[in-house]
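Keep in mind it's a predicted model, so treat the numbers as computed, not measured.
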Amino acid sequence: MNQQAQKYWNEFWEGKAAPTNVMAEQFGMEGTPMADELAHLIAIGRKTATCGAHALYKPEEIPTAGLYTVVLDAKDQPICIIRTTSVEVIPMNEVTEEFAAAEGEGDLSYRYWYDCHKEFFKIELAEVGQEFAEDMLLVCERFELVDVKKT
């Protein structure tokens with residue numbers, strides 16, 4: 001966790017016992033406008049779910065319910081804090097329309113979600129020498145917004 005994220009985390013929990021299961025990360029492609037857009041969608045409460053290619057996780061990195069995340073923008077500045085409420089590992093072609101809408105992106109349709117995620121995963125997987133498959137496993141995470149950083 002970078003210094004700004006740690007400071008925000010400590011200030012949020014000042015005077016209370018802070019949980020120890022916390023991480024800080026950007027969503028989407030790091031350092032890009034996508035990271036800013038997704039952080040904004042989370043901060044306004046529109047994005048309450050996310051997913052990642054299971055093949056890109058180490059077993060110990062798969063999130064669990066109760067995990068706190070300091071969401072960072074493209075410049076690694078803290079934007080908000082979320083808490084994971086549930087995690088499922090399911091094939092991409094079994095993701096529901098409701099989950100796709102909870103991701104909060106585009107027009108909230110399943111088609112938009114599928115097309116964007118297919119392209120995203122093709123890029124991500126190619127970087128590690130793997131190929132996209134419609135039935136590849138996804139780590140599907142739901143979360144709740146805990147705090148939005150005051151600016």
Side-chain angles (χ1 to χ4, degrees), residues 1-6 8-9 12 19-149:
M1 187 177 312
N2 69 31
Q3 187 175 11
Q4 295 91 343
Q6 188 67 57
Y8 172 41
W9 177 253
F12 178 75
T20 57
N21 54 339
V22 61
M23 62 181 288
E25 72 175 348
Q26 293 180 28
F27 281 60
M29 293 183 165
E30 291 186 16
T32 69
M34 178 192 289
D36 288 334
E37 178 185 344
L38 297 178
H40 171 74
L41 291 173
I42 293 167
I44 64 171
R46 180 171 168 172
K47 181 173 180 62
T48 60
T50 194
C51 66
H54 185 268
L56 300 177
Y57 285 88
K58 294 177 183 167
E60 68 274 10
E61 293 175 340
I62 294 175
T64 57
L67 172 69
Y68 286 84
T69 303
V70 178
V71 178
L72 306 173
D73 67 11
K75 294 180 181 171
D76 277 339
Q77 296 301 305
I79 301 300
C80 58
I81 298 170
I82 59 173
R83 187 179 70 81
T84 300
T85 57
S86 67
V87 179
E88 287 184 281
V89 177
I90 58 174
M92 183 167 176
N93 58 1
E94 293 181 23
V95 167
T96 65
E97 289 182 27
E98 189 274 328
F99 184 87
E103 285 233 23
E105 300 168 42
D107 64 5
L108 306 180
S109 70
Y110 179 84
R111 177 56 40 207
Y112 181 92
W113 174 87
Y114 186 87
D115 292 344
C116 288
H117 283 76
K118 179 179 179 179
E119 291 310 310
F120 176 76
F121 291 137
K122 280 183 175 182
I123 294 166
E124 293 279 296
L125 291 166
E127 290 177 2
V128 295
Q130 296 189 32
E131 291 186 20
F132 172 82
E134 290 186 5
D135 62 348
M136 65 184 237
L137 293 177
L138 298 183
V139 176
C140 296
E141 179 180 355
R142 292 182 181 270
F143 53 83
E144 63 184 358
L145 183 61
V146 174
D147 186 66
V148 177
K149 188 172 188 298

Nearest-0.5 Å distance, CD of residue Glu131 to NZ of residue Lys122: 10.0 Å
From CA spacing to verdict: side-chain hydrogen bond (donor to acceptor under 3.5 Å, both in side chains), Glu144, Thr85: CA-CA 7 Å; Glu144 63 184 358; Thr85 57; over 6 Å; no
CD1-CZ distance between Ile81 and Phe12, expressed to the nearest 0.5 angstrom: 5.0 Å
Separation between CD of Glu141 and CG of Leu67, rounded to the nearest 0.5 Å: 6.5 Å
Pairwise distance CG(Leu56) to CG(Leu125) - rounded to 0.5 angstrom: 5.0 Å
Chi angles and distances behind the side-chain contact (heavy atoms from CB on, under 4.5 Å) call for Glu37, Met34: CA-CA 5 Å; Glu37 178 185 344; Met34 178 192 289; 5.6 Å; no
Considering all heavy atoms, the nearest Val146-Ile82 contact: CG2-C, 3.9 Å
Glu97 atom CD, over 12 foreign heavy atoms within 6.0 Å: no
side-chain hydrogen bond (donor to acceptor under 3.5 Å, both in side chains) partners of Ser109, counting only residues at least two apart: Asp107
Exceeds 12 heavy-atom contacts within 6.0 angstrom, atom CD of Glu127: yes
Any side-chain heavy-atom pair of Pro91 and Leu137 under 4.5 Å: yes
Reported CH2-to-CG distance for the pair Trp113 and Leu108, which is rounded to 0.5 angstrom: 13.5 Å
Selection residues 44-56 - residue pairs positive for side chain to side chain donor-acceptor pair (under 3.5 Å), sequence neighbours left out: Lys47-Glu103, Lys47-Glu105
Gap separating the CD atom of Glu134 from the CG atom of Asn93, nearest 0.5 angstrom: 6.5 Å
side-chain contact (heavy atoms from CB on, under 4.5 Å) assessment of Phe99 paired with Arg142: CA-CA 9 Å; Phe99 184 87; Arg142 292 182 181 270; 3.5 Å; yes
Minimum-distance pair of heavy atoms, taken over all atoms of Ala43 and Ile79: CB-CG2, 3.9 Å
For Met92 against Phe132, the heavy-atom pair lying closest together: SD-CE1, 3.4 Å
Test item: Asp36 side-chain N/O and Ala74 main-chain N/O as donor-acceptor pair under 3.5 Å: yes
Test item: Tyr8 side-chain N/O and Val70 main-chain N/O as donor-acceptor pair under 3.5 Å: no
Closest heavy-atom pair and its distance - Pro78, Lys149: O-CD, 3.2 Å
Test applied, side-chain contact (heavy atoms from CB on, under 4.5 Å); reference residue, Cys80; option that passes from Asp147, Leu72, Leu145: Leu145
Where Val95 and Ala100 come nearest, the two heavy atoms and their spacing: CG1-N, 4.3 Å
Distance-minimising heavy-atom pair for Pro19 and Trp9: O-CZ2, 3.4 Å
Sequence neighbours excluded, every pair satisfying side chain to side chain donor-acceptor pair (under 3.5 Å) that has a member inside residues 60-78: Gln26-Asp76
Mutual orientation of the aromatic rings belonging to His117 and Phe121 [parallel < 30°, tilted 30-60°, perpendicular > 60°]: tilted
